[in-house]
Amino acid sequence: MSEKQVRVRFAPSPTGHLHVGNARAAILNYLFAKHHNGTMILRIEDTDAQRSTEESIQTIVEDLNWLGLKWEEGPLKGGKFGPYKQSERYEIYRNYADKLLEKGLAYRCFCSEEEIEKEREKAEQQGIPYKYSGKCGKISKEKIDENIAKGLSFVVRFKVGSQIISFKDLIMEEVSFQSETIGDFVIIRSDGSPIYNFCCVIDDNLMEISHVIRGDGHLANTPKQILIYKAFGWEIPNFAHTPMILDENRKKLSKRKGATSVDEFKNEGYLPHALINFLSLLSWSSPSGDEILSIERLIKEFDFSRMNKSGAVFDPVKLNWMNGVYIKELDSVKYFELLKPYLTKFEGVSEEILKKVTILFKPSLQRFSEISDEIEFFFADLTKIEFSEEMQEILKLETTKNVLETFTKLASNETIWSFDSIKELIKNVGKQTNVKGKNLFMPLRIAITKKLHGPELPAICEIFGKDKTILLAKEVLTNL
RNA sequence: GGUGCCUUCGUCUAGUGGUCAGGACUCAGGGUUUUCAUCCCUGCAACAGGGGUUCAAUUCCCCUAGGCACUGCCA
């Protein structure tokens with residue numbers, strides 16, 4: 001595979017947002033292309049006029065851009081093998097279908113949908129696997145002309161014949177099918193529009209695709225496609241069918257439980273790099289065993305030989321962890337810039353304060369969308385917040401009263417109010433009350449922040465300011 | 001039903017004809033932080049089952065079970 005120029009394509013159908021399964025296919029295509037210094041193509045498979053939308057193409061392109069995946073040829077972008085939208089290539093497909101018709105490798109089928117449906121039901125009742133009978137393949141030429149003259153509508157079916165189709169998949173290895181189980185399938189609809197399996201082959205050939213990398217849902221389509229390649233006498237590309245991404249029940253990852261489309265991850269505050277890293281680690285692993293991998297390393301190390309054949313469960317908990325790792329690595333300028341969109345709730349607050357407050361959460365944040373809830377207590381009226389049972393337990397400690405009293409007393413005498421001075425202050429409270437560790441810090445933390453955990457206490461007090469800090473401590477004291 | 005693919009800790013995975021079956025996430029415990037979190041360390045936890053082949057099988061072969069996908073005038 002090295003002599004030949006590597007050309008791969010990502011070919012989504014624009015029927016909604018970019019799903020993580022498709023995103024992974026895009027990522028793998030990208031990594032493979034870059035690894036081999038090849039070319040990546042974006043092709044829009046919009047032959048389903050009912051479901052395809054222009055907006056969807058937009059969002060898919062946006063999502064791909066957000067991920068940072070780049071392609072050399074595609075709609076909008078152009079390239080010498082265009083157009084890259086299948087809906088703009090119908091003439092091409094019809095021409096190739098005509099060639100097949102001429103060669104007798106395909107035929108017009110005049111059966112109505114109702115007729116087919118009846119046959120299908122009958123087969124099902126009898127427990128026999130259904131496949132098209134092929135009866136229209138035997139109609140005489142005169143009859144065909146007569147039918148056409150009568151204006152009867154027809155589909156074009158590919159004549160499958162009988163043979164064993166086997167191919168070597170880069171991931172699944174040797175795979176073979178008996179063509180008899182397939183049945184003559186439709187390549188052109190009655191309205192003249194072409195069907196996926198047909199367009200896909202025509203385009204992959206015309207666009208000189210060297211490697212077809214796609215989800216293993218397409219594995220069963222591959223023999224049909226190979227038959228078409230053979231019918232035209234075309235070279236068959238390499239196939240790599242990637243195992244699917246499953247949900248926690250080991251079912252095809254679908255909506256309903258959590259996020260499944262790239263834009264949802266984007267909105268929840270995941271970093272594109274984290275998503276790519278995480279997705280690339282499903283069914284694949286680095287030879288080094290490392291898990292946090294830069295894009296450069298992924299490109300360098302990616303290879304189908306290290307890919308499993310089994311599906312992988314998408315574990316959002318691990319993704320969150322990984323995203324947290326990448327957030328920690330961000331420098332503070334970039335961190336704040338990416339966080340800004342999640343701060344709309346705090347419009348009236350100065351950027352300076354927001355920067356100070358949000359930076360405290362950089363080590364613990366897993367998703368940007370969490371920031372709002374985390375920092376809210378800085379701007380809320382904390383005197384109105386109730387204590388949870390766990391908090392009350394801690395406040396009930398014998399030492400609590402003394403700690404809070406000493407704290408407010410010493411705090412009132414402070415002249416400077418800085419992180420260091422507050423730290424020192426708490427140290428002194430410990431000395432004077434002879435309380436330390438948890439029993440010293442937790443009552444203060446709870447009284448002042450109304451939370452069981454958060455950033456370093458002195459840092460919070462500093463931002464609150466002296467007056468507010470003392471006020472909050474006192475307020476709790478009076479109710480003790 | 002038919003066809004195809006798959007099966008190592010809960011999850012993602014490494015790995016080999018002889019290994020204490022390794023790592024990561026989660027969880028638990030400990031250490032640092034005079035607190036929580038971060039961070040560090042330790043621990044829990046797996047070769048689907050049954051037959052072969054072999055001196056030896058998690059690894060090779062077969063069967064069973066289970067899972068998933070496809071089975072459209074969807075892609």
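Letters A, B, ... mirror the listed sequences (proteins, then strands); counts begin at 1.
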**Asked** Any side-chain N or O of Arg51(A) less than 4.0 Å from the OP1 or OP2 oxygen of A75(B)?
**Response** no

**Request:** Test His241(A) against Arg214(A) for side chain to side chain contact (heavy atoms under 4.5 Å, CB included), laying out the working first.
**Result:** CA-CA 5 Å; His241(A) 288 95; Arg214(A) 68 222 316 192; 3.1 Å; yes

**Fill in**
Of the listed C73(B), C70(B), C12(B), the closest approach to the Arg157(A) side chain comes from C73(B)

**Request:** Give one of base, sugar-phosphate or nothing for Gly437(A), where a contact means two heavy atoms less than 4.0 Å apart.
**Result:** base

**Asked** How is Thr47(A) classified with respect to the nucleic acid when contacts are heavy atoms under 4.0 Å: base, sugar-phosphate, or nothing?
**Response** sugar-phosphate

**Request:** Determine the interatomic distance between P on C20(B) and the same-named atom on C27(B); round to the nearest Å.
**Result:** 31 Å

**Request:** Considering just the side-chain nitrogens and oxygens of Lys224(A), establish if one lies under 4.0 Å of OP1 or OP2 belonging to U71(B).
**Result:** no

**Request:** Determine the interplanar angle of the Tyr270(A) and Phe265(A) rings, folded into 0 to 90°, and report it as parallel if under 30°, tilted if 30 to 60°, perpendicular if over 60°.
**Result:** perpendicular

**Asked** Which comes earlier along RNA chain B counting from the 5' end, the contact point of Leu219(A) or that of Val186(A), where each point is its nearest nucleotide?
**Response** Leu219(A)

**Message:** Categorize Leu440(A) for me: base, sugar-phosphate, or nothing, with a 4.0 angstrom heavy-atom threshold over every strand shown.
**Reply:** base

**Asked** Using a cut-off of 4.0 Å on non-hydrogen atoms, how would the nucleic acid contact of Pro129(A) be classed: base, sugar-phosphate, or nothing?
**Response** base

**Request:** Looking at every strand, decide which applies to Lys427(A) at a 4.0 Å heavy-atom threshold: base, sugar-phosphate, or nothing.
**Result:** base

**Prompt:** Expressed in angstrom and rounded to an integer, what is the separation of Phe239(A) atom CZ from C5(B) atom C1'?
**Reply:** 16 Å

**Request:** Please determine if a side-chain N or O atom of Arg250(A) lies less than 4.0 Å away from the OP1 or OP2 oxygen of C12(B).
**Result:** yes

**Message:** Base, sugar-phosphate or nothing for Ile128(A)? Non-hydrogen atoms, less than 4.0 Å.
**Reply:** nothing

**Message:** A75(B), OP1 or OP2 - any side-chain N/O from Ser52(A) closer than 4.0 Å?
**Reply:** no

**Pi stacking test for Trp321(A) and C25(B): under 5.5 Å apart, planes under 30°** = no

**Request:** Kindly indicate whether the side chain of Asn221(A) and the base of A75(B) share any N or O donor-acceptor pair separated by less than 3.5 Å?
**Result:** yes

**Prompt:** Does a side-chain N or O from Ser285(A) land closer than 4.0 Å to OP1 or OP2 of A14(B), or not?
**Reply:** yes

**Asked** With respect to the side chain of Asn197(A), which nucleotide from U35(B), C12(B), A75(B) is positioned closest?
**Response** A75(B)

**Request:** Looking only at side-chain atoms of Asp315(A), point me to the closest of C70(B), C25(B), A75(B).
**Result:** C25(B)

**Request:** Give one of base, sugar-phosphate or nothing for Arg43(A), where a contact means two heavy atoms less than 4.0 Å apart.
**Result:** nothing

**Atom-to-atom span, CZ of Arg445(A) to C1' of U38(B) - whole angstrom** = 12 Å

**Request:** Could you tell me whether Val317(A) contacts a base, only the sugar-phosphate backbone, or nothing, with contacts defined as non-hydrogen atoms closer than 4.0 Å?
**Result:** sugar-phosphate

**Prompt:** When all nucleic acid strands are considered with a 4.0 Å heavy-atom cut-off, which category describes Lys436(A): base, sugar-phosphate, or nothing?
**Reply:** base

**Message:** Under 4.0 Å, heavy atoms only, any strand: does Lys328(A) hit a base, just the sugar-phosphate, or nothing?
**Reply:** sugar-phosphate

**Item:** Phosphate OP1/OP2 of C6(B): any Lys309(A) side-chain N/O under 4.0 Å
**Value:** yes

**Message:** Taking any heavy-atom pair under 4.0 Å as a contact, classify His241(A): base, sugar-phosphate, or nothing.
**Reply:** nothing

**Item:** Spacing of the P atoms in A48(B) and A21(B) (rounded, Å)
**Value:** 15 Å

**Request:** Indicate, with a heavy-atom threshold strictly under 4.0 Å, whether Met244(A) touches base, sugar-phosphate, or nothing.
**Result:** sugar-phosphate

**Fill in**
U59(B) -> Watson-Crick or G-U wobble partner, both distances under 3.5 Å, gives none

**Message:** When both hydrogen-bonding distances must be under 3.5 Å and the geometry is Watson-Crick or G-U wobble, what is C9(B) paired with, if anything?
**Reply:** none

**Asked** Taking the inter-plane angle between the rings of Phe302(A) and Phe32(A) on a 0 to 90° scale, is it parallel (under 30°), tilted (30 to 60°) or perpendicular (over 60°)?
**Response** perpendicular

**Asked** Which part of the nucleic acid, if any, lies within contact of Glu456(A), taking any heavy atom under 4.0 Å across all strands shown: a base, the sugar-phosphate backbone alone, or nothing?
**Response** base

**Message:** I'd like to know if the side chain of Asn29(A) reaches the main chain of Phe10(A), judged simply by a donor and an acceptor atom lying under 3.5 Å from each other, with no hydrogens or angles considered.
**Reply:** no

**Request:** Between G10(B) and U71(B), how far apart are the C1' atoms? Round to whole Å, please.
**Result:** 33 Å

**Request:** Report which part of the nucleic acid Tyr196(A) touches: base, sugar-phosphate, or nothing (heavy-atom distance under 4.0 Å, all strands).
**Result:** base

